[in-house]
Amino acid sequence: MKRKLALFLLFSAGLTCALCCDFLRLLDPYVAQILMYIGINIIMTASLNLVNGYMGEFSVGHAAFMAVGAYTASFFSISVFTHGPAPVVFFPLSLFAGGGAAALVGLLIAIPAFKARDDYLAIITLALIMITKSVFENIPWFGGPAGYSGIQKYTSLSWVFVCAAATVVVVRNLVNSNFGRGIIAVRDDEVVANLVSVDTKRVKVLAFVISAFFAGIGGGLFAHLIQFINPRTFSIIKSTDFLLMLYLGGSGTLVGPILGAGIWTILLELLRFLGIWRFAVAPVALIMLMIYRPRGIMGGKVLN
Amino acid sequence: MTNNTSHNPLFQITGLSHSFGGLKAVSHFGLTLKPGEIWGLIGPNGAGKTTVFNLITGVYKADEGTVTLGGVDLTGLPSHAIAASGVSRTFQNIRLFKSMTVLDNVRTAGYCRLDYSLASALVRTAAFREKEERLRQSAIEVLTVLGLAHRIHEPASSMPYGLQRTIELARALVNKPKVLLLDEPGAGMNPSEIEKLAATILWVRDNLGVAVVLIEHRMQLVMKLCEQVKVLNFGETIFQGKPGDLAKDETVVKAYFGEDHDAFVN
């Protein structure tokens, strides 16, 4: 009960801070931007953790779910809610639509995952990235290869905070339930999981769909933050970023993705003075980390 | 011993056959179990004993034959549904969930008993917490009975070999199965551990009323536990009867020792 209260207070305090920063413009816009990136990256990494960490699969398709979420959410706020309610009301609905669309794609990818694992699933998810990129490049409504513009900046610290907190809480509660034990059992030994009554198909679908849903939400927030998206934004490079953050922080742990997303985002900003060289220095730092802490910063520790 | 005097079969296997390519792994295997019975399934290596278990539990799909439990046809069901309906098993090579604690290994097997919705798990409703607590209690109960109460929070992979076998047994029992399939539970154990294992299996049978099928090479265990044995050789059933009569049966002796031997040593 005490822990619950502490968590609730922490959440309220965080939300109050975020709201204050948004409305009173307490923060330098640059700092606020970085914080929002961190939040979005936490959403992406924590949701990726469900499939790549807890379930032990190797999916590289997270950028595709993000793209579907980004495009769908943008479409809803630009074209569906034109003369409708205020942004405060429809923005969460747009995000939700983005998450829902991504979840549908996640359902599609869960089906081949019944048959294929490891490298094969990685290749299937790689194909998913290529397919989504081609699809968005060929829909004139979304600007094709030129990109989708006219998106308003609805993303604020408060929205990012709420969504990131929701993602982390959902992942935590899921993992500490029957479904989560099933997901971890699939990682440890799928055949035995089935033989001790775990409906492995069902938990796989759940993991993929929930993971994709939050990636879609992250995509929606991302689109409404940078206000312009194009298909190239969501290439394999984007997926790689989230994989890096996940393995940096420690996959299969609750705190790992938060740490990984925070550290990696800040590191890339701090190294900005190096110019283009930062893209050489940061990976070297990552290699060092993998040598000295191969299981990530939080590797092996369980912190709930 | 159970007081169930009815002669209705609890678990019935008829005409179970399976081949891998051209090789007949199991042919026309049949077995009828009453509640509380312990059957032994023995035979030389590669005789098809584990394949029988894999067919029963749905790891392989049988080419022909049926499996029924309490009149319900289990043939062709997915493995998790067969497990949920009351057929549990352990494995020849220990297969625990290595990243989990002892308690979570056992709780995972309670998957089919928990019927709360995803939504109630995500917001942790009162119903969710109550059902989780009940499963936790019955997992602890089983582990306590098997003497593991003080080690439930340790990682399963760090436990000594003999205890890992016990955890597998606990995992198989948490759903209160009606039929328990034990695949060489005594493998790698010394004689005193075998004694303890035999006592445990008898306790489980007497108190939980399960019927047991035991694959075992250790004749010490077979003689002690089994009322009836079946001997498989190249997928064929070559003997069925009391374990005491094994040594008198010529085909069995031939299967184990070849033509020239006339003594069966256990």
Side-chain angles (χ1 to χ4, degrees), chain A residues 1 3-4 7-8 50 53-56 103 114 165-210 213-214 250-253 295 299-302 304, chain B residues 53-54 56-59 78-91 93-101 103-125 128-129 131-132 135 139 153 155-157 168 171-175 177 181:
Chain A
M1 234 33 229
R3 259 178 70 147
K4 218 172 200 180
L7 279 176
F8 181 74
L50 204 54
Y54 292 111
M55 201 160 73
F114 292 158
T167 312
V168 173
V169 168
V170 163
V171 170
R172 168 184 166 268
N173 288 356
L174 184 75
V175 167
N176 290 319
S177 77
N178 207 19
F179 306 107
R181 286 192 296 268
I183 287 171
I184 297 172
V186 166
R187 173 183 73 192
D188 283 2
D189 193 329
E190 192 176 337
V191 175
V192 174
N194 237 314
L195 287 170
V196 299
S197 88
V198 176
D199 188 344
T200 50
K201 279 189 178 175
R202 183 157 172 242
V203 298
K204 276 183 169 179
V205 168
L206 270 180
F208 273 102
V209 167
I210 293 174
F213 176 81
F214 284 106
S251 65
T253 64
R295 293 172 70 194
K301 295 195 188 76
V302 182
N304 290 323
Chain B
F53 277 13
N54 283 337
I56 296 173
T57 52
V59 177
S79 294
H80 65 86
I82 294 174
S85 66
V87 182
S88 284
R89 70 176 282 187
T90 64
F91 302 88
N93 312 311
I94 297 171
R95 288 173 81 170
L96 291 171
F97 301 122
K98 290 199 175 67
S99 71
M100 296 187 194
T101 61
L103 178 63
D104 276 349
N105 260 282
V106 179
R107 276 202 290 183
T108 301
Y111 184 92
C112 62
R113 281 175 49 183
L114 294 179
D115 54 353
Y116 53 71
S117 66
L118 177 65
S120 69
L122 292 186
V123 298
R124 301 178 87 79
T125 58
F128 162 84
R129 270 176 283 136
K131 285 173 181 169
E132 275 288 326
L135 173 64
H153 295 300
S157 53
E168 266 207 342
R171 186 174 67 181
L173 289 176
V174 74
N175 281 337
L181 309 174

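Each chain gets a letter, A, B and so on, in the order the sequences are listed, and its residues count up from 1. Every heavy atom of this structure was used, including side-chain atoms; hydrogens, water molecules and symmetry mates were not.
Inter-residue side-chain proximity for B:Leu118 and A:Leu174 is flagged as met; some heavy-atom pair is nearer than 4.5 Å. The closest side-chain heavy-atom distance from B:Asn175 to B:Cys112 is below 4.5 Å. Side chains of A:Ile184 and B:Ser99 form a contact here, defined as non-hydrogen atoms less than 4.5 Å apart.
Counting heavy-atom pairs closer than 4.5 Å to chain B, the top residue among A:Leu195, A:Val169, A:Val170 is A:Leu195. Counting heavy-atom pairs closer than 4.5 Å to chain A, the top-ranked of the candidates B:Ser88, B:Ala109, B:Ala172, B:Gly110 is B:Ala109. Taking A:Val198, A:Asn178, A:Asn194 one by one and counting their heavy-atom pairs under 4.5 Å with chain B, the maximum is reached by A:Asn178.
Listed by chain and number, the residues in a side-chain contact (heavy atoms from CB on, under 4.5 Å) with A:Ala103 are A:Val209, A:Phe213 (sequence neighbours excluded).
For B:Arg107, the parts lying near chain A are the backbone and the side chain together; criterion is any non-hydrogen pair under 4.5 Å. Contact of B:Phe91 with chain A is made through the side chain alone, with heavy-atom distances under 4.5 Å. Heavy atoms of B:Thr108 lying under 4.5 Å from chain A belong to its backbone as well as its side chain. B:Asn105 does not touch chain A: none of its heavy atoms, backbone or side chain, sits under 4.5 Å away.
Note on residues 180-195 of chain A: pairs passing salt bridge (Lys or Arg N to Asp or Glu O under 4.0 Å), not counting sequence neighbours, are A:Arg117-A:Glu190, A:Arg181-B:Glu132, A:Asp189-B:Arg95, A:Glu190-A:Lys204.
A cation-pi arrangement is absent between A:Arg202 and B:Tyr111, since the terminal nitrogen or guanidinium carbon is not both under 6.0 Å from the aromatic centre and inside a 45° cone about the axis.
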